[in-house]
Amino acid sequence: MDLRFLKILVTTLTVVMILGLLTIVGLLVTRLGGPAPLPALPDSVILPEGAAPAAVTFARDWLVVVTEGGEILLYRPEGGAPVSTTAPP
């Protein structure tokens with residue numbers, strides 16, 4: 001009788017562990033499947049004509065925007081026009 005009860009417990013635990021693993025994998029696939037959203041650019045940032053941001057970095061004293069063309073734009077934290085522009089190599 002005790003061995004039968006132990007067998008039921010082990011089988012139940014196995015099923016629960018498999019369901020838990022499938023749930024975790026499913027959540028990881030659905031949550032990490034898409035690209036990460038870009039942080040919102042402040043309204044005061046003026047991008048050059050035709051430029052679209054591909055990456056945005058908020059540093060302590062600077063705001064760095066990398067455009068889809070690979071151009072690196074450096075802004076002051078308050079925004080405005082770019083202080084420095086670096087063309088792709």
Side-chain angles (χ1 to χ4, degrees):
M1 181 71 175
D2 290 333
L3 216 51
R4 185 179 209 168
F5 180 68
L6 183 60
K7 184 178 176 182
I8 292 171
L9 283 178
V10 169
T11 304
T12 304
L13 177 62
T14 303
V15 169
V16 168
M17 287 177 61
I18 290 172
L19 290 175
L21 183 65
L22 289 175
T23 302
I24 290 172
V25 169
L27 286 173
L28 286 174
V29 167
T30 58
R31 305 257 178 173
L32 299 178
L38 286 176
L41 280 175
D43 292 333
S44 61
V45 170
I46 302 168
L47 290 174
E49 186 73 29
V56 178
T57 301
F58 293 93
R60 183 172 305 159
D61 296 328
W62 299 101
L63 171 65
V64 182
V65 177
V66 180
T67 65
E68 289 184 355
E71 193 174 29
I72 301 169
L73 307 171
L74 188 65
Y75 292 90
R76 294 197 191 313
E78 57 272 2
V83 175
S84 173
T85 301
T86 305

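Positions are given from 1, in the same order as the sequence printed here. Fair warning: this is a prediction, and the values are worked out from it, not measured in the lab.
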task: For the pair Val56 and Leu41, evaluate side chain to side chain contact (heavy atoms under 4.5 Å, CB included) and give the outcome as yes or no after the intermediate values.
output: CA-CA 8 Å; Val56 178; Leu41 280 175; 3.9 Å; yes

message: I'd like to check Leu74 versus Pro82 (side-chain heavy atoms, cut-off strictly below 4.5 Å). Are they in contact?
response: no

- prompt: Do the side chains of Leu32 and Ile24 join up, straight or via other hydrophobic residues, at under 4.5 Å, putting them in one cluster?
  reply: yes

- request: Determine, step by step, whether Val65 and Tyr75 satisfy the side chain to side chain contact (heavy atoms under 4.5 Å, CB included) criterion, reporting the C-alpha distance in whole Å, the side-chain angles of both residues, the deciding distance to 0.1 Å, and the verdict.
  value: CA-CA 8 Å; Val65 177; Tyr75 292 90; 3.9 Å; yes

Separation of Glu71 CD from Thr85 OG1 (nearest 0.5 Å): 5.5 Å

- request: Return yes when atom CG of Leu21 has more than 12 non-hydrogen atoms of other residues, nucleotides or ligands closer than 6.0 Å, and no otherwise.
  value: yes

- prompt: Can you find a heavy atom in the side chain of Leu63 that is under 4.5 Å from one in the side chain of Thr57?
  reply: no

query: Is any side-chain heavy atom of Phe58 less than 4.5 Å from a side-chain heavy atom of Pro42?
result: yes

message: Assigning hydrophobic clusters by single linkage (Ile, Leu, Val, Met, Phe, Trp, Tyr; side-chain heavy-atom cutoff under 4.5 Å), is Val45 placed with Leu73?
response: yes

- request: Would you name the heavy atoms of Pro77 and Arg60 that are closest together and state the gap between them?
  value: CG-O, 4.5 Å

field: Nearest-0.5 Å distance that lies between atom CD1 in Ile18 and atom OG1 in Thr23
entry: 11.5 Å

Joint hydrophobic cluster, Val83 plus Val66, side-chain heavy atoms closer than 4.5 Å: yes

message: I need the minimum non-hydrogen distance between Ser44 and Gly79, along with the two atoms involved.
response: OG-CA, 3.6 Å

Gap separating the CG atom of Leu13 from the CD1 atom of Ile8, nearest 0.5 angstrom: 13.5 Å

